[in-house]
Structures are given as structure tokens and as C-alpha cells.
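Here the structure is laid out as C-alpha cells; the discussion comes afterwards.
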Amino acid sequence: MLLREMNDLSRWHLSGCDAYRAVWPAFSEAQSFAELPFLHVGVFKHRIWRTSGEGIAHQRTLKSSSTSGTSSQIALDGRSGALQAQSSAAILKDLLGADQRPLLILDDVKSLQQRGEVSARVTAAMSLRPLSNEMHFLLSGSENAQSLDWNKVGEMCAKSPRLLVYGFTWMLWMGWAQGTIPDEVRAALAKTQVFFVHSGGWKKLEAMKVSREQFDGALCGLCAPGSGVLDFYGLVEQVGIIYPLCSAGFRHVPRWASVIVRDPWTMQPLINEPGMLQLMNPLAFGAPYHNVLTEDMGRMVEGDCECGRTGQRFELLGRMPKAEVRGCANV
Amino acid sequence: MTNKAKLQNLIQDVFLLTSEEFRFDLKRSEVETWDSFGVVSMAVGVQQTFGYHFTPEEATSIQGVDDIIKVLTSKGMAFD
């Protein structure tokens with residue numbers, strides 16, 4: 001079923017995107033996921049790909065937070081956006097539950113106020129909207145983690161016994177875990193169950209020698225029992241599909257997506273061996289980012305997971321050697 | 001500052017409009033930046049400026065500046 005959808009979607013893009021057709025002029029039908037046409041993530045840095053077709057109205061351009069100066073740019077569209085929002089909400093509800101609670105975002109609200117563009121951080125935060133009944137932006141200055149509005153945090157602790165907090169990994173560490181928390185807010189947090197959701201990469205924390213255990217402990221240690229931390233892996237080139245880390249340390253692939261790992265030399269699919277991750281989903285209609293070969297290393301793992309989930313899963317192993325250090329890949 | 005003036009400043013700020021582009025009968029369909037991200041930005045701005053938090057349903061059902069005024073008026077704010 002998914003393979004058929006991916007074949008249809010590949011033909012949709014071949015029909016509506018000249019540049020994509022130039023890359024894959026001879027494609028007609030794939031018999032396996034590995035045979036489907038794909039693009040390397042790097043090509044999204046060099047041009048804004050767009051597929052035209054019935055019902056496609058392009059909207060803002062989603063930009064990754066690059067550390068090299070060149071961002072990936074993805075042309076968003078309404079048809080795909082609706083599906084992508086449903087997808088990310090379903091994935092997050094599986095881990096966080098469906099009940100709504102206030103969402104606090106470590107970003108400046110001005111990040112939303114950009115003509116024609118939107119950042120990877122805001123897009124990731126917006127994926128939590130279905131789980132929130134109100135939303136607050138905590139920073140004044142999108143890169144200034146120290147500008148965190150602790151008064152707002154205290155106010156929300158008084159209002160709700162459960163909170164959801166989203167931030168880039170390094171920002172949660174610098175702004176929240178290392179922040180100077182007023183005593184009254186610290187006391188309020190100790191009575192509030194907080195679920196922290198983060199993405200964006202460990203590189204800065206690795207440089208600071210901060211381990212995942214330290215990170216999780218520092219955040220949850222401030223809050224009421226039952227608080228938690230959820231780390232998810234996602235790419236702007238796969239918006240709508242996120243891969244949270246499960247309790248057993250794996251990333252689970254939703255039924256409506258697929259992942260393969262390729263040998264970097266032969267490009268053959270691998271199982272239980274490390275290689276290049278290739279991610280695919282049938283949610284992207286406005287541009288051919290439905291099937292991308294990443295610069296991240298992973299290992300597909302067979303069998304059911306200790307966490308109780310079934311289906312495809314993989315272990316994320318880090319960046320490919322010599323690959324650009326990216327700002328929005330959670331490795 | 002009157003509530004009308006506060007709302008005008010807010011809408012111009014949130015949707016990156018000049019004072020010449022702003023009207024109190026402005027519709028969502030006329031504003032390029034009033035997309036799903038704009039809806040969130042507007043809702044956060046209204047909360048910060050007027051202290052009222054739109055429900056998600058209210059925020060997405062608003063189709064123009066006049067709808068914002070209607071909701072806020074129903075919460076006891078004056079826009080005369």
C-alpha cells in the first residue's frame with residue numbers, strides 16, 4: 001500500500017516538477033522502496049524545488065537553521081501542510097498522550113512574523129499545537145536563551161498542573177537547565193509536571209560535555225514527579241515525520257513512512273549494519289522532498305522493540321564522516 | 001491609547017503591514033502573512049495586548065480584523 005502511494009507520488013512530482021524529471025527521466029515503477037527515486041538532502045540547499053499541480057498552493061518557505069551559512073529551503077503548501085500536521089500530531093500523541101495543556105516555547109514570537117519564511121524551530125514547535133490549549137513564547141530575542149521569561153513560567157505553573165515545553169536542545173540547556181530561576185518559580189515548578197520536548201541537535205552540548213542523562217536529570221529534577229523529556233529527530237526535508245527516541249533508545253517509523261539504510265559505497269540497502277539513512281513519506285505534494293537520502297548514519301534493527309512498539313525502527317548513529325554539521329538534525 | 005489603536009498597532013506588527021495597508025475591514029484573505037503561522041502570532045499578540053487567549057477554534061475561525069473586534073467586544077472590551 002505505502003509502496004504504491006510512493007510510486008504514485010513519485011510520478012506526481014515527475015509530472016509537476018521539471019527539475020525532478022531531469023534527475024529521474026526514466027522512472028516508471030519501483031518494485032521496492034530502495035528502487036524509488038530520491039534526492040540527496042544537499043540539493044535543497046541549492047534551489048527551491050517546487051511541484052505544480054491541481055490543488056497545490058505554495059506558501060512560506062521553511063528554512064533549516066544551518067551552521068554552514070547555507071540553509072535547506074522547502075516550499076510548503078497547504079495540501080501537504082494539513083497532512084503533515086496530522087502526522088506529527090499522531091506521532092506525538094502516541095508518546096505524550098492526547099490531553100491538551102499549555103505549551104511554552106523557547107523562541108521569540110517575532111520568529112513567526114517573517115514574510116514568506118518560517119524557521120525549522122517554529123515549525124517544530126507548531127507540531128505540538130494539537131496538544132496545547134494555549135501557547136506562550138518565552139524569549140525576547142530568538143537566539144538569546146538567557147532572555148527566558150521566568151515570570152511567565154511561574155504564571156503558567158500557577159494556572160496548570162501540567163505543562164509542555166519545547167525548545168532546541170542547546171537552548172533548553174542554556175536557558176532553562178542553566179538558567180537563574182527565581183525562588184518562587186523554582187517552588188512552583190517543583191509542584192508542576194512538565195514534559196520537555198526538544199530537537200535540533202546535540203553538537204553544542206557534546207562540545208560542553210553534557211550527556212543525555214545530565215540533560216534529562218537537570219530538566220526533570222526541577223519539576224514534579226512524572227515529568228519527562230522527549231528528544232526527537234527530524235529534518236526540514238521530511239517535515240511532518242518526526243522520530244522520537246523511545247525508552248529503549250530507538251527511533252520508530254510510523255506506518256505511513258518508511259526508512260532504509262544504504263551502504264555509502266554500494267548504495268545497497270542494509271539491515272543491522274550502519275549506513276546512510278534514507279527517509280520517505282507520502283505527505284509531500286508541493287515539492288519532491290518525499291524521499292531523501294540524508295547525511296546521517298543509522299542502523300535498521302529487526303524484531304519488536306523492548307518498549308512494546310512493533311514495525312520498522314532504527315538507531316541513529318550520528319553524522320556521516322565529513323558531512324556538514326547541520327543545525328537542525330538531532331544528532 | 002484606545003483599544004482600536006492598540007489593535008491597529010498589533011495587526012500591523014504581527015502581519016508586517018504599513019499604516020497605509022491597514023484597515024479595520026481588512027480580511028484574512030487579503031493578507032499574505034495571515035497564514036497558519038500568522039494565526040498563532042495574532043493569537044499570542046492578542047493575549048499579550050488584551051489579556052484574552054483565543055481558543056484554537058476561535059483563532060482559526062477569525063476571517064478579518066472585524067472578527068477579532070467582535071470576539072474581544074463579547075469579552076467586555078470597548079472598541080468605539
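Each chain gets a letter, A, B and so on, in the order its sequence line appears, and its residues count up from 1. All values reported here derive from a predicted model rather than from experimental measurement.
Using a 4.5 Å cut-off between non-hydrogen atoms, the part of residues 15-28 of chain B that approaches chain A consists of B:F15, B:L16. Chain A is approached within less than 4.5 Å, heavy atom to heavy atom, by B:H53, B:P56, B:T60 from residues 51-62 of chain B, ordered by number. Along residues 129-166 of chain A, the residues that come nearer than 4.5 angstrom to chain B, judged on non-hydrogen atoms, are A:R129, A:S132, A:N133, A:E134, A:M135, A:H136, A:F137, A:K152 in order of number. Residues of residues 111-119 of chain A lying under 4.5 angstrom from chain B, judged on non-hydrogen atoms, are A:L112, A:Q113, A:Q114, A:R115, A:G116, A:V118 by number.
Here OG of B:S41 is found 8.0 Å from NZ of A:K110. Values are rounded to the nearest 0.5 Å.
Residue B:V44 touches chain A through its side chain alone, counting heavy-atom pairs closer than 4.5 Å.
Nearest heavy atoms, B:T33 versus A:R60: O-NH2, 3.5 Å.
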